[in-house]
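Input: a single structure, listed below in structure tokens.
Each chain gets a letter, A, B and so on, in the order the sequences are listed, and its residues count up from 1.
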Amino acid sequence: MTTRREFLKTVLAAPALTSAHWSPFASSAFAAEKEPFSYGVVLPLTGAAAPFGTDQVKAHMWAVEEINTAGGANGRKLNPIVLDSQAKPDVGVAAVTRLASVDKVPMFVTAFSAVVAAVAPIANRNKILELSVGANSPRISKLGEYVYTTYPLADVDVTLLAKYAYEKLGARRGACIFVNDESGIYGAEVFRDAFKKLGGDIGAFESYEANATDYTGAVLKVRAANPQVVHLHGNASDTPIALGQMRQLGIAVPVTTNTAGYNPELIQKIGKAADGLIVATLAPGPKESAAVAKYVERWQREEKRIPNNMPNTQYVHDSAYLVKALVEEVDKAGKPFTGENMREALLKIRSFKLPLTETVTIEDDHTVKKPVYLIGVKDAKYTEMGLYE
Amino acid sequence: MYDLTLYTQILWTSLANSSYQVLFTIAFALGLKVLGVWNFAQPALMSLSFYCMYAAIDSFGVPPLVAMSVALIFTAAVAYAIEALAFSALRNRNSGPMGFFIFTIVASQFVIYVLTLIFTAEPRFLLGNMTSALHIVFGVYVTTWDITAMVTACILVAALYGFLHYTRPGQFMIAVADNAELAETYGISKNHYYALTMVIAAVLINTAIFLFGSKIAFYPELSLHMMLFAVAATIIGGIGNVFGAGVAAIIIVIMQQMSVLFIGSRWQPLFVFVILFATIVFFPKGVRFRTS
């Protein structure tokens with residue numbers, strides 16, 4: 001089993017071997033007839049979100065390995081340049097600036113709402129295609145003509161969570177607690193608005209700071225509202241902490257959350273206190289897809305665990321296949337690999353059949369629509385609740 | 001909307017959460033009283049203590065209390081070294097408060113930077129499970145951690161009070177704090193009591209960080225944020241009044257938690273800054289009540 005530290009060592013030691021970036025192509029033995037296709041992958045490898053970013057990068061590299069082993073994209077090997085964003089806007093901006101000015105890549109994939117938004121002006125100014133593969137702020141669809149998402153935004157899953165809370169749980173009085181950042185604020189607003197539209201009332205709308213670890217104030221305020229359901233919209237690293245503190249302060253009602261709640265660490269850290277959590281995920285689980293079952297098996301075999309925030313890793317994994325499809329399209333048209341041509345290819349193909357997330361269709365309004373799967377926690381175990389529409 | 005149970009819950013939770021804050025504050029105030037140093041190296045000690053325990057538990061599978069003891073020895077040794085190697089050298093050079101201030105801040109930043117490189121900025125828990133047993137008392141949720149933290153803090157504060165007021169070393173320490181040069185004419189070694197003060201501060205810090213880390217996640221830079229609280233409480237309690245600073249810490253935590261009844265929780269982090277600002281401007285010598 002590779003520990004996170006060992007994984008980081010590999011990634012961070014790679015620059016010395018591969019001309020300043022992690023490059024599976026450079027270290028592989030095959031000699032491609034065509035020039036490899038280089039693109040950026042900007043994800044958190046260090047910092048609070050590292051447990052999630054490193055798993056996402058691992059998933060992406062597995063996909064690249066599969067593609068390159070099978071002959072690449074139209075004979076062209078994929079060469080991802082992996083850079084650390086720490087899930088922080090300023091670090092993400094530095095990484096993407098480097099991709100634009102030094103590596104001169106035509107496209108990059110990234111995640112985390114704050115980073116996606118911060119780097120968007122660089123993508124638009126330099127005409128580089130930015131693919132968000134794991135961020136859900138509704139603002140992402142309006143970040144400019146070179147910014148697209150393959151990941152459904154909060155108005156897809158969170159709206160359905162509000163509907164589930166109102167219709168299935170019968171809740172009429174709700175509360176929101178969220179991390180005070182791009183993803184948390186917009187996600188909680190979507191829940192609040194959707195829940196109110198259905199006829200419910202939100203008694204508390206409280207946030208906590210992203211760099212804090214004690215959320216007592218916000219939790220007490222939520223408790224004071226005496227809600228029948230709480231929507232928690234945090235990041236993957238703070239969601240277990242917030243849920244644990246809610247339970248310890250006597251909030252025993254069902255808690256809905258986005259995919260950040262699908263996190264093995266959550267169960268490990270709070271055990272049965274996680275019971276009653278309802279997680280909306282936007283990717284099929286092992287029961288729904290044989291490919292996902294195989295993917296989970298590989299994680300179990302090689303890492304002895306399931307990945308942190310598994311649905312997100314599925315999207316990041318599949319982004320390599322999406323890059324492959326774009327490269328093949330541009331190659332087929334005999335055009336050079338520029339951001340403009342990559343964007344044109346994206347809009348021409350529009351609908352992508354991907355191994356772990358199935359069909360992803362890019363809409364005109366820069367969004368994607370996907371079915372929502374619900375996962376509950378019972379007896380400190382995740383239980384698939386199936387598709388919810 | 002707000003009932004007595006809620007007020008009681010907030011009060012109880014505030015008292016429980018103030019336990020580690022009181023210990024951090026008293027450690028800081030004690031250093032200021034005896035050494036006359038605004039010891040901004042305290043975040044370094046907090047972080048070192050936490051990661052020493054964390055490494056012992058996570059990497060070597062050491063039981064938590066044993067890890068705490070190992071961290072205590074390590075933190076006390078570092079605190080002693082800071083006094084013996086750095087503070088005494090600065091004192092010998094007649095460095096002013098600015099010299100001490102710069103040294104302590106740089107020491108903290110250095111340690112935090114190194115710890116971030118080693119352990120990353122990922123928030124970490126000391127124990128496998130962050131929840132503790134829950135009891136409902138008259139509608140108030142009381143955890144085993146709450147009781148443990150409050151009892152531990154009370155025992156340590158009482159022990160320190162007893163040490164300072166009823167033992168000869170404690171009285172000598174106060175004598176050094178009041179006038180180090182005069183104390184030396186009576187054969188009391190000021191360097192010895194400066195070192196002892198740092199070691200006692202390390203004991204308080206180590207215990208507080210264990211309590212904190214067994215409930216709340218910690219990352220290296222968090223210690224700097226927590227330091228501000230101790231500074232505010234020390235000023236409000238009155239510089240030189242060690243136990244007054246402890247009481248101020250409790251009052252600030254209660255006020256901060258009670259503030260959620262009137263303001264949104266997003267404004268809560270500002271509360272300590274407002275108190276710090278107001279105290280420095282209006283009560284630079286601390287809040288004192290006149291008695292007739």
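- A salt bridge links A:Glu182 with A:Arg139: the distance from a Lys NZ or Arg NE/NH1/NH2 to an Asp or Glu carboxylate oxygen falls below 4.0 Å.
- The contact between B:Ile10 and chain A is made by backbone and side chain atoms together, counting heavy-atom distances below 4.5 Å.
- In this structure, the separation between CZ on B:Phe24 and OG on B:Ser19 is 9.5 Å, given to the nearest 0.5 Å.
- For the side-chain hydrogen bond (donor to acceptor under 3.5 Å, both in side chains) with A:Asn308, the qualifying choice from A:Thr313, A:Asp55, A:Thr54 is A:Asp55, the only one to do so.
- Interface with chain A: from residues 148-155 of chain B, no residue qualifies, criterion being any non-hydrogen pair under 4.5 Å.
- Heavy atoms of A:Ala273 lying under 4.5 Å from chain B belong exclusively to its side chain.
- Neither the backbone nor the side chain of A:Gln86 comes within contact range of chain B, judged by heavy atoms closer than 4.5 Å.
- Among A:Glu206, A:Lys269, A:Lys272, A:Arg247, the residue making the largest number of heavy-atom pairs under 4.5 Å with chain B is A:Lys269.
- When all heavy atoms of B:Ala248 and B:Ile236 are compared, the pair lying nearest together is CB-CG2, 3.9 Å.
- With a 4.5 angstrom heavy-atom cutoff, B:Ile136 does not touch chain A via any of its atoms.
- Between A:Asp201 and A:Lys196 there is no salt bridge, since no side-chain nitrogen of the basic residue lies less than 4.0 Å from a carboxylate oxygen of the acidic one.
- Across A:Asp214, A:Ile177, A:Val222, the residue that shares the most heavy-atom pairs under 4.5 angstrom with chain B is A:Asp214.
- A distance of 8.5 Å separates OG1 of B:Thr104 from CE of B:Met227, quoted to the nearest 0.5 Å.
- Here the shortest heavy-atom pairing between A:Val279 and A:Thr259 reads CG1-CA, 4.0 Å.
- Taking the charged nitrogens against the carboxylate oxygens, A:Glu209 and B:Arg266 have no contact shorter than 4.0 Å, which rules out a salt bridge.
- Pairs of residues two or more places apart, or lying in two chains, that qualify as side-chain hydrogen bond (donor to acceptor under 3.5 Å, both in side chains) and include a residue from residues 208-224 of chain B are B:Asn17-B:Lys215, B:Ser47-B:Ser223, B:Trp145-B:Ser214.
- Only the backbone of B:Ile263 comes within contact range of chain A, with heavy atoms under 4.5 Å apart.
- With respect to the salt-bridge test (charged N to carboxylate O, under 4.0 angstrom), the residues A:Asp181 and A:Lys88 do not qualify.
- Heavy atoms of A:Pro240 lying under 4.5 Å from chain B belong exclusively to its backbone.
- For chain A, the nearby parts of B:Ser132 are the backbone and the side chain; heavy atoms of each come within less than 4.5 Å.
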